[in-house]
Amino acid sequence: MGRARLTTLVTGAAGYLGAVVATQLLSEGHTVRGLDNLRFGGGGFLALYPNARFEPVIGDVCSTDDVKSATEGVDSVVHLAAIVGDPACAEEPEVASAVNLDAALTAYRAAQRAKADRFVFMSTCSVYGKQPGDFVATEDSPLNPQSLYAETKIQAEQALLEEARGSSTSVTVLRLSTLFGLAPRMRFDLVVNKFTLLGQTTGRLTVFGPESWRPYLHVADAAGAISAVLSAPKERIAQQVFNVGSENHQTKDIAEFIRSYYQGVDVDTIAGGPDPRDYRVSFDRLHKGVGFEPSRTVVGGIHEMAMALGSGLLHRGPYVNNGFNTMVLQPAFV
């Protein structure tokens, strides 16, 4: 028996991850309604437009009316829309709270009214913050947020799971690792992408907190995990929290991958830095629960990024000529 075809609302569908998620679901034969305010432009929607099963909605996740309209008739909701990362949340704390917490609840309540079967909420492994020694965090480990971003995600997780008690609209929380890889709407504030860009354009990396650990995940594998959760038996994913990632690495490992790839990149390391986070994460629960297994590696992601940069594909956009080739950038982990 074939997999049921769904109508899924993806919020933040024009974003770095959102456009990849929409593409994944469309490729599987589903209908996707994409809600986005296009704050960072509509480029993520352009490749989706020719597909007759894609329904673009330009709207605001903070607007109850926009969300209610976008949710009508959907089977499921993938809530990606957020103010992402520590610097962005610190710059606009009130907006971060409104988008990351309040809008998540608005979207879930709209999903309930629409009688959607399931609601998938995108959280972050940043909730683990700083962990001791060689400790590997599981979904049941104590949380230790080090930023407003992580705090808003924890608050949203807790509020959504509480609201889902007794509801026919299940909630699944996915705590994503630091993303990397090519996407229609590129981000170069993510450490693997950023270091690859700098390796290609300047031949020099400045690494803050080289001993710090982080989990990593290719953006295409993140989309695959979301698809797996949407298709899993409901009893396996309802009111569950899953870490999603493929590899744990120290920041110095990523720099070394770049140096090995480009043969001659200079790496300066600075102990400590403004980001105190340091944690490793277990991904076993998702694999056991829904059978998801990531297929991409960090080294493979560096290669695909290098090929795109070397071909001139990304040089012809705004990515290299906007200061990335002259700035000393600190890694941003999401």
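Note that the numbering runs from 1 along the sequence shown for the chain.
There is no side-chain donor-acceptor pair under 3.5 Å between Asp189 and Tyr16. In the model, Thr71 has no side-chain atom that pairs as donor or acceptor with a side-chain atom of Arg113 under 3.5 Å. Residues Glu28 and Gln24 have side chains that bring a donor and an acceptor to within less than 3.5 angstrom of each other.
Here the side chains of Leu176 and Thr124 are not in contact, with every heavy-atom distance at 4.5 Å or above. Within the 4.5 Å cutoff, the side chain of Thr23 has heavy atoms near those of the Leu48 side chain. Using a 4.5 Å heavy-atom threshold, the side chains of His30 and Leu230 count as separate. Looking only at side-chain heavy atoms (C-beta outward), Met305 and Leu182 come within less than 4.5 Å of each other. Looking at heavy atoms from C-beta onward, Ser246 lies out of side-chain contact with Arg296 at the 4.5 angstrom threshold. Using a 4.5 Å cut-off on side-chain heavy atoms (C-beta onward), Tyr149 and Val84 make contact. Side-chain contact between Thr169 and Glu163: absent, with no pair of heavy atoms (C-beta onward) separated by less than 4.5 Å. Pro145 places none of its side-chain heavy atoms less than 4.5 Å from the side chain of Val127.
With rounding to the nearest 0.5 Å, the separation of CG in Leu197 from CZ in Phe188 is 5.0 Å. Remark: Arg109 CZ to Ser167 OG distance equals 11.5 Å, nearest 0.5 Å. The distance from the CD1 atom of Ile237 to the CZ atom of Arg118 is 4.0 Å, given to the nearest 0.5 Å. Atoms CD1 and CZ, from Ile258 and Phe195 in turn, are 8.0 Å apart once rounded to the nearest 0.5 Å. Taken from CD in Glu151 to CD in Gln146, the straight-line distance is 9.0 Å, to the nearest 0.5 Å. Note that CD1 of Ile254 is 11.0 Å distant from CD of Glu256, once rounded to the nearest 0.5 Å.
Across all non-hydrogen atoms, the minimal contact from Tyr108 to Ser170 is CE1-O, 4.3 Å. Heavy atoms only, all atoms of each residue included: Ala222 and Leu17 are closest at CB-CD1, 3.8 Å. Heavy atoms only, all atoms of each residue included: Ala104 and Asn100 are closest at CB-O, 3.8 Å. Here the closest heavy-atom approach between residue Ala110 and residue Val67 is recorded as CB-CG1, 3.7 Å. The two atoms that bring Thr8 and Ser76 nearest to each other are OG1-OG, 2.7 Å, heavy atoms only. Taking every heavy atom of both residues into account, Leu105 and Ala159 meet most closely at CD2-CB, 3.8 Å.
Counting only distance, with no hydrogens or angles, the side chain of Asp36 and the backbone of Ala14 share a donor-acceptor pair below 3.5 Å. The backbone N or O of Val192 lies less than 3.5 Å from a partner atom in the side chain of Thr196, making a donor-acceptor pair. In this structure, Gln131 contributes its side chain and Ala137 its backbone to no donor-acceptor pair below 3.5 Å. Remark: side-chain polar atoms of Gln263 are paired, donor with acceptor, to backbone N or O of Ser260 under 3.5 angstrom. A distance-only check finds no donor-acceptor pair linking the side chain of Gln250 to the backbone of Ser212 [under 3.5 Å].
Under the 30°/60° scheme for interplanar angles, the aromatic rings of His249 and Tyr216 are found to be tilted.
Taking hydrophobic clusters as Ile, Leu, Val, Met, Phe, Trp and Tyr residues chained together by side-chain heavy-atom distances below 4.5 Å, Tyr279 does not share a cluster with Trp213. Cluster membership check: Ile154 shares its hydrophobic cluster with Tyr128, using side-chain heavy-atom separations under 4.5 Å among Ile, Leu, Val, Met, Phe, Trp and Tyr. Placement of Phe119 and Val229 in two distinct hydrophobic clusters is found when ILVMFWY residues are connected by side-chain heavy-atom separations under 4.5 Å, directly or transitively. Residues Leu174 and Val99 are members of separate hydrophobic clusters, defined by side-chain heavy-atom contacts under 4.5 angstrom among Ile, Leu, Val, Met, Phe, Trp and Tyr. In the hydrophobic clustering of this structure, Val10 does not group with Val173; members are Ile, Leu, Val, Met, Phe, Trp, Tyr whose side-chain heavy atoms approach within less than 4.5 Å, directly or through other members.
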Requested in this report: Take Arg280 and Asp134 through the side chain to side chain contact (heavy atoms under 4.5 Å, CB included) test and state the conclusion after the steps.
Outcome: CA-CA 8 Å; Arg280 280 179 276 190; Asp134 59 358; 3.1 Å; yes
Report task. List the steps and the verdict of side chain to side chain contact (heavy atoms under 4.5 Å, CB included) for Leu179 and Arg187. Result -> CA-CA 10 Å; Leu179 297 178; Arg187 286 181 59 187; 5.8 Å; no
Query raised in the report: When you look at Leu25 and Ser227, which way does the side chain to side chain contact (heavy atoms under 4.5 Å, CB included) test go after all the steps?
Result: CA-CA 7 Å; Leu25 296 179; Ser227 174; 4.2 Å; yes
Report task. Could you go through the side chain to side chain contact (heavy atoms under 4.5 Å, CB included) check for Arg33 and Val57 one step at a time? Result -> CA-CA 7 Å; Arg33 187 174 298 155; Val57 179; 3.7 Å; yes
Query raised in the report: Given the rule in the side chain to side chain donor-acceptor pair (under 3.5 Å) test, do Ser97 and Asp102 qualify, once you have shown the distances and angles that lead to the verdict?
Result: CA-CA 7 Å; Ser97 181; Asp102 300 340; 4.8 Å; no
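Residues satisfying the side-chain contact (heavy atoms from CB on, under 4.5 Å) test with Phe40, not counting sequence neighbours, are Arg185. Take Phe283 and apply the ring-ring contact (aromatic ring centres under 6.0 Å, His included) test, not counting sequence neighbours, and it matches no residue. By the side-chain contact (heavy atoms from CB on, under 4.5 Å) test, Thr138 is found to be paired with Asp140, Ser141, Ser282, residues two or more places apart in sequence or in another chain being considered. Residues passing the side-chain contact (heavy atoms from CB on, under 4.5 Å) test with Pro233, sequence neighbours excluded: Glu235, Arg236.
Counting only residues at least two apart or on different chains, the salt bridge (Lys or Arg N to Asp or Glu O under 4.0 Å) pairs with a member in residues 204-213 are Arg204-Asp266, Arg204-Asp268, Glu211-Lys252. Pairs engaging residues 57-79 under the salt bridge (Lys or Arg N to Asp or Glu O under 4.0 Å) rule: none recorded [sequence neighbours left out].
Residue Lys115 places its NZ atom among 12 or fewer non-hydrogen atoms of other residues, nucleotides or ligands, all under 6.0 Å distant.
A ring-centre distance under 6.0 Å is found for Phe180 and His218.
Arg175 and Glu139 are not joined by a salt bridge, as no carboxylate oxygen comes within less than 4.0 angstrom of a charged side-chain nitrogen.
A salt bridge (Lys or Arg N to Asp or Glu O under 4.0 Å) with Arg214 is found for exactly one of Asp278, Asp253, Asp275, namely Asp275. Test Lys153, Glu157, His79 against Ser123 for side-chain hydrogen bond (donor to acceptor under 3.5 Å, both in side chains) and you get one pass: Glu157.
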